[in-house]
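Please read the structure below before turning to the comments.
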Amino acid sequence: MIMNKWQALALASVFGLPAVAFAEHDGLVTVSAVRGDQLASYQRKGIGLYRYDQEHDGVVISQAMLSSRFELTSDWSAHTVLNAHPDPELTIGFTQAYLQYQPLTASRYKWAVKAGGFYPKMSLENPQSGWMSPYNYTNSAINSWIGEEVRAFGLEANIKRPGRKFRSNHSFEGFAAVFKGNDPAGTLLSWRGFAMHDRQTTFNEQIDFAIPHSFEWTQLDKQAEYVEPFEEVDGRFGYYVGVHWDYQKKSQLRVYYYDNNGDPGALNTRTGQYAWDTRFLSAAWLYKFNKQTRIIVQILDGKTAMGTNRGVDNDFYSHFVLLSHKLDQHRLTIRYDYFKVSDHDDWQFDPNQSRGEALTASWRYQLSTKWQVGAEYSVLSSDAQNRPGMGFNEHNSQQQLQLSASWHF
């Protein structure tokens, strides 16, 4: 697949630079023994909302990641995250690549600018290197979608007011970004709905999904049977703004507004990708009851539309509540997810309404600084109005079990 110019610029911003003064790397390989669900996964054009199905029963490499930081000068650094996935076919590619300028300054305020391809820092569920989670092996519905359909290829600036510099218990940080690409974001929510997994989309990937009956109608016959979520279609710039509040490292709040500014009538006839007008508000909160126990809550509320006269016009919403407790080398986590997509357009032949909820419980045990083992069980119940048109039940229940061993290097 040919890299679009905005993705190429993201990589060029990292690799077209002077010699590296210092480099550090952080890697992860996770091997899992999986018991998948009988419903075929969306990755195999099925209606299953988990990453794995019965075709994956057995041992799989669920994560392979290398995060690198290259120090160029005291102010400049380059960052990359390389991921490898065996499903649905072997894929090796970048999920992040950006150049960062963070000057040393005597001012009590700290600021930085970065350019390239990166995640908005809206997740408190995925704080580890490579946008990984220390909690569940399967991400929430919110961050599963962000990991597959949301990425910024552009420029981000942030300014921070550290509380300790002002003898205050409160720290604040503000973010603003402009970007290209990410025009097709919203495709999966509308025709598949939310899913739950830990698979991050690399810059050049396309994502499959079950093909709805509505694709046989003239209005949608130019849409490809997959999505390339980071493609630039309409030539417009998108943007996001965000604010972080931190109280004594005990309570953290992150609020973001994201708008890809898509022109819903724009279409790349060569790739079959529309520009979707997708915007959303994300609010995430973490509270530490003590050193061992914490709660994380996140809410996502947004809208997405595509086609001339907004033929597809949907609202989407999700929230989760995660409770995690650490006891010595053990970490126990349980999370409840709720998600839905509401259909507000007049295309009766293309129903997009869907909803679901899930419960996921995980145990992790830190054997050493490099090795960790764990287990996870997840159950999910969902409804989607377009399933009967594809020959499936509108309502389905799923479950997934995995035993994992991780090596950090």
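Index from 1, following the sequence.
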Between CG on residue L281 and NZ on residue K303, distance to nearest 0.5 Å: 12.0 Å

Inter- and intrachain pairs under salt bridge (Lys or Arg N to Asp or Glu O under 4.0 Å), touching [range], at least two apart:
{"range": "residues 385-395", "answer": "none"}
{"range": "residues 121-139", "answer": "E125-R335"}
{"range": "residues 127-142", "answer": "none"}

Are the side chains of [Y] and [X] in contact, using a 4.5 Å heavy-atom criterion?
{"X": "Y50", "Y": "V34", "answer": "no"}
{"X": "P134", "Y": "P127", "answer": "yes"}
{"X": "N204", "Y": "T91", "answer": "no"}
{"X": "Y317", "Y": "Y338", "answer": "yes"}
{"X": "Q298", "Y": "W285", "answer": "no"}
{"X": "R35", "Y": "D57", "answer": "yes"}
{"X": "K114", "Y": "E156", "answer": "yes"}
{"X": "S190", "Y": "W276", "answer": "yes"}

With sequence neighbours excluded, what pairs up with [X] under the salt bridge (charged side-chain N to carboxylate O under 4.0 Å, His left out) test?
{"X": "R279", "value": "D277"}
{"X": "R192", "value": "E148"}
{"X": "K326", "value": "none"}
{"X": "D345", "value": "none"}

Between H79 and S77, a side-chain donor and acceptor under 3.5 Å: yes

Between D343 and Q385, a side-chain donor and acceptor under 3.5 Å: no

Identify every side-chain donor-acceptor pair in residues 357-371 under 3.5 Å, counting partners at least two apart or on other chains, and give the distances.
| from | atom 1 | to | atom 2 | distance (Å) |
| --- | --- | --- | --- | --- |
| E357 | OE1 | Y336 | OH | 2.6 |
| T360 | OG1 | S378 | OG | 2.9 |
| S362 | OG | N136 | ND2 | 2.8 |
| S362 | OG | E376 | OE2 | 2.9 |
| W363 | NE1 | H330 | ND1 | 3.0 |
| R364 | NE | Y135 | O | 3.1 |
| R364 | NH1 | S133 | O | 3.3 |
| R364 | NH1 | Q372 | OE1 | 3.3 |
| R364 | NH2 | S133 | O | 3.3 |
| R364 | NH2 | N136 | O | 3.2 |
| Q366 | OE1 | Q372 | NE2 | 2.9 |
| Q366 | NE2 | S368 | O | 2.7 |
| Q366 | NE2 | W371 | O | 3.4 |
| S368 | OG | K370 | N | 3.3 |
| S368 | OG | W371 | N | 3.2 |

Nearest heavy atoms of [X] and [Y], plus distance in Å:
{"X": "K340", "Y": "F194", "result": "O-CE1, 3.7 Å"}
{"X": "K110", "Y": "P162", "result": "CG-CG, 4.1 Å"}
{"X": "F70", "Y": "A23", "result": "CD2-CB, 3.7 Å"}
{"X": "T138", "Y": "M196", "result": "CG2-C, 3.6 Å"}

Residues T271, E228; criterion side chain to side chain donor-acceptor pair (under 3.5 Å); working and verdict: CA-CA 8 Å; T271 62; E228 297 179 15; 5.0 Å; no

Check: K249 main-chain N/O paired with K288 side-chain donor or acceptor under 3.5 Å: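 Checked: pair present.
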
Exam field: side chain S62 to backbone T30, donor-acceptor pair closer than 3.5 Å: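 Yes, the answer is positive, given that a donor and an acceptor are paired below the 3.5 Å cut-off.
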
Only pairs under 3.5 Å count here: list side-chain donor-acceptor contacts from residues 208-226, not counting sequence neighbours, and write none if there are none.
| from | atom 1 | to | atom 2 | distance (Å) |
| --- | --- | --- | --- | --- |
| S214 | OG | D350 | OD1 | 2.6 |
| Q223 | NE2 | Y226 | O | 3.4 |
| Q223 | NE2 | G272 | O | 3.4 |

Ring pair (Phe, Tyr, Trp, His ring centres under 6.0 Å) involving H197 - partner list, sequence neighbours excluded: Y42

Set of residues satisfying ring pair (Phe, Tyr, Trp, His ring centres under 6.0 Å) with respect to F289, sequence neighbours excluded: Y287

Parallel, tilted or perpendicular: ring planes of Y119 versus W131, cut at 30 and 60 degrees: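 Answer is parallel, since the angle falls under 30°.
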
Parallel, tilted or perpendicular: ring planes of Y98 versus F118, cut at 30 and 60 degrees: perpendicular

Listed partners of D87 passing side-chain hydrogen bond (donor to acceptor under 3.5 Å, both in side chains), at least two apart: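 Applying side-chain hydrogen bond (donor to acceptor under 3.5 Å, both in side chains) to D87 gives Q43, R51.
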
